[in-house]
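Below you'll find the structure, written out as structure tokens, and then a few comments.
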Number of protein chains: 2
Amino acid sequence: MPEINVKNIIVETATIFFSKFGFHKTTMDEIAKHIHKAKGVLYYYFKSKEELFNEVLKRELNSVKANLSKIVTSDADSLTILNEYILTRFKILNNSENYHETLKADFFEKYQFVKDVRDEFDAFERTQLTYILSKGKDEERLDISNVNSTLNVIMMVIHSIEIPLYLQNKYTEYEKPIDELVTLLIKSLKTLK
Amino acid sequence: MPEINVKNIIVETATIFFSKFGFHKTTMDEIAKHIHKAKGVLYYYFKSKEELFNEVLKRELNSVKANLSKIVTSDADSLTILNEYILTRFKILNNSENYHETLKADFFEKYQFVKDVRDEFDAFERTQLTYILSKGKDEERLDISNVNSTLNVIMMVIHSIEIPLYLQNKYTEYEKPIDELVTLLIKSLKTLK
DNA sequence: GAATTGACTAAAAAACGTATTTAGTCAAAT
DNA sequence: ATTTGACTAAATACGTTTTTTAGTCAATTC
């Protein structure tokens, strides 16, 4: 069986198990057994369980990035883009149990190995949001004196809200207030005419 | 020694110990020893360790409430009041280690006994913010169609931000973005003239 | 009668030793 | 180059023992 397939099958299987049982409760043995392979195969392709989880996480986040990039590069105006970016981000990451689990890194030591992947996703987000805000500023649709500080506000809001949203199962409760918050923020950033 | 003093001394001592060591690491024995009393005295005035902690918490929150009420009842206009309310709330609660610890109730079972005190403080907040928003609406300074849903937005924002702020030691990092966020929110709520 | 004490104890937490499981390794085989 | 399965150090789980702690209460003091 070609490498490309075995590695993918491992990652796909790991995605299912990690999503369902979490990183710590999933064993390498059960992943191996599920694909009818010896455990050693997993270690042939991945240095460790942590590296496998990071690969699973990267692929999930790459999918999220692709969706978000589509929004950012659309023909819509920057206000619409910013609106859709934030709402879509919350919505699609709601389905990523593995991403939720990484939020625990901010509370427990045992997840520090996900830091790099998390930082990389953060960097992606800052880039996308900076692009949106700068575009809006250039188009004179957004009234922003300092792009970077507005960016920090938005990042703070996103990172703060996602904790109760995903770790305290408040997605349903907060769905409507999030909509309204984003509307308010857009309104406050909109250039007055 | 009169009752009023012993009870107060117990609470004051408990405040110090709970703030420093947390609820679980503080023993009733060390509180008693510190005030040169037998442990039974603590149980004469308080039914349990949990009741003592709740009393400590109530007193801290009563102090916070007093400060916030002063702002709410001031002669300033509602925009200024809303601004000051939010910023002051974050600032003074930053010094309440015991309040921070109650935020853990949303993550761990062992703190469920603080729920009532927390709910009561929430209710206080909703009342104060409703008053501010309604006042602003009446004064026609705030452009709000539905006071209750705007209230939910503000409460969501406050409760979300306080988690990283106090449990992840992000007060310094978030101080400036919070200022700016509040400025943006006020701007979005302000009636256009 | 109210307030305090200090001995007591059930239960919780911590410590400890043993058993089991798991991540990771690697020589042998394919 | 890829896979296997036996192996092992380390981590985790578990049962037992020890220690600590929250809470109690009869006796004492004020």
Side-chain angles (χ1 to χ4, degrees), chain A residues 1-57 98 101-102 104-105 108-114 117, chain B residues 1-57 98 101-102 104-105 108-114 117:
Chain A
M1 197 182 286
E3 172 190 320
I4 194 77
N5 278 350
V6 171
K7 191 171 181 180
N8 276 335
I9 286 168
I10 293 170
V11 175
E12 285 164 12
T13 305
T15 301
I16 293 164
F17 278 82
F18 285 143
S19 297
K20 189 166 182 183
F21 302 109
F23 173 77
H24 293 289
K25 289 289 187 179
T26 297
T27 65
M28 296 298 261
D29 223 13
E30 60 188 333
I31 292 173
K33 281 197 174 84
H34 188 84
I35 59 176
H36 308 293
K37 295 283 178 185
K39 189 169 55 170
V41 175
L42 274 50
Y43 290 96
Y44 180 78
Y45 294 99
F46 301 94
K47 269 206 271 295
S48 65
K49 187 180 178 184
E50 298 180 346
E51 190 183 285
L52 175 56
F53 185 81
N54 271 329
E55 181 65 28
V56 166
L57 188 58
N98 291 317
E101 202 169 13
T102 69
K104 292 179 187 173
F108 305 104
E109 295 281 337
K110 301 196 301 184
Y111 289 94
Q112 289 304 308
F113 66 93
V114 300
V117 179
Chain B
M1 197 184 286
E3 171 192 320
I4 193 79
N5 278 351
V6 172
K7 190 170 179 179
N8 277 334
I9 287 168
I10 293 170
V11 175
E12 285 163 8
T13 304
T15 300
I16 293 162
F17 278 83
F18 285 142
S19 298
K20 189 167 182 182
F21 302 110
F23 174 76
H24 292 288
K25 288 289 187 180
T26 298
T27 65
M28 297 297 264
D29 223 14
E30 62 188 330
I31 293 172
K33 281 197 173 85
H34 188 84
I35 59 176
H36 309 292
K37 295 285 178 184
K39 188 169 55 169
V41 175
L42 273 50
Y43 291 95
Y44 182 78
Y45 293 101
F46 301 94
K47 269 206 268 297
S48 65
K49 187 182 181 183
E50 298 180 347
E51 190 182 286
L52 176 55
F53 186 81
N54 271 329
E55 181 66 27
V56 166
L57 187 60
N98 291 317
E101 202 169 12
T102 68
K104 294 179 188 174
F108 305 104
E109 294 281 336
K110 301 195 301 184
Y111 290 93
Q112 289 304 308
F113 65 93
V114 300
V117 178

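Every heavy atom of this structure was used, including side-chain atoms; hydrogens, water molecules and symmetry mates were not. A note on names: the letters A, B, ... follow the listed sequences, proteins ahead of strands, and every chain is numbered from 1.
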- request: Could you tell me the separation between the CZ atom of A:Phe23 and the P atom of C:dT22, rounded to a whole number of Å?
  value: 14 Å

task: Could you note down all residue pairs passing salt bridge (charged side-chain N to carboxylate O under 4.0 Å, His left out) where residues 17-29 of chain B supplies at least one of them, sequence neighbours left out?
output: B:Asp29-B:Lys33

Per B:Lys25 side chain, nearest of listed nucleotides D:dA22, C:dA23, C:dA14: C:dA14

- request: Send over the distance from A:Phe113 CZ to C:dG24 P, rounded to a whole Å.
  value: 10 Å

- prompt: How far does the helix from C:dG1-D:dC30 to C:dT30-D:dA1 bend, going by the axes of its first and last five pairs, to the nearest 10°?
  reply: 30°

Partners passing side chain to side chain donor-acceptor pair (under 3.5 Å) against B:Asn98 (at least two apart in sequence or in another chain): B:Ser19, B:Glu60

Whole-Å gap separating P (D:dA1) and CG (A:Asn5): 19 Å

message: Going by the rule side chain to side chain contact (heavy atoms under 4.5 Å, CB included), which residues pair with A:Phe17 if we only count those two or more places apart in sequence or in a different chain?
response: A:Thr13, A:Phe21, A:Thr26, A:Glu30, A:Ile31, A:His34

query: What is the distance from NZ of A:Lys7 to C1' of D:dA1, rounded to the nearest Å?
result: 15 Å

- request: Report the C-alpha distance between B:Lys37 and B:Ile9 in whole Å, list the side-chain angles of each, state the deciding distance to 0.1 Å, and finish with yes or no for side-chain contact (heavy atoms from CB on, under 4.5 Å).
  value: CA-CA 11 Å; B:Lys37 295 285 178 184; B:Ile9 287 168; over 6 Å; no

field: Pairwise side-chain contact, B:Tyr45 with B:Glu51, heavy-atom cut-off 4.5 Å (strictly under)
entry: no

task: Identify which nucleotide among C:dA14, D:dT2, C:dT4 has an atom closest to any side-chain atom of B:Lys37, counting heavy atoms from C-beta outward.
output: C:dT4

message: Without decimals, in angstroms, what is the distance between A:Asp29 CG and D:dT4 P?
response: 13 Å

- prompt: When you check every protein heavy atom under 4.0 Å of nucleotides 25-30 of chain C, what one-letter string (B, S, -) results, 5' to 3'?
  reply: B-----

statement: When rounded to the nearest 0.5 Å, the distance separating NZ of A:Lys49 from CE of A:Met28 is 7.5 Å

task: Let me know the distance between NZ of A:Lys33 and C1' of C:dT22, rounded to the nearest Å.
output: 11 Å

task: Check the distance between D:dT28's C1' and B:Tyr44's OH and give it to me in whole angstrom.
output: 14 Å

- line: A:Ser48 has its side chain closest, among D:dT2, D:dG23, C:dG24, to C:dG24

- line: Side-chain atoms of A:Ala38 come closest, of C:dT4, D:dA1, D:dG5, to D:dG5

Under the ring pair (Phe, Tyr, Trp, His ring centres under 6.0 Å) test, residues paired with A:Phe23 that sit two or more places apart: A:Phe18, A:Phe53, A:Phe113

query: Does some side-chain heavy atom of A:Asn54 sit less than 4.5 Å from a side-chain heavy atom of A:Phe46?
result: no

message: Side chain of A:Thr27 only, heavy atoms from C-beta on: which candidate in D:dA22, D:dT3, C:dT22 is closest?
response: C:dT22

field: Distance in angstrom units between B:Ile9 CD1 and C:dA3 P, rounded
entry: 14 Å

- prompt: Does B:Lys7 make a cation-pi contact with B:Tyr44 (under 6.0 Å, within 45 degrees of the axis)?
  reply: no

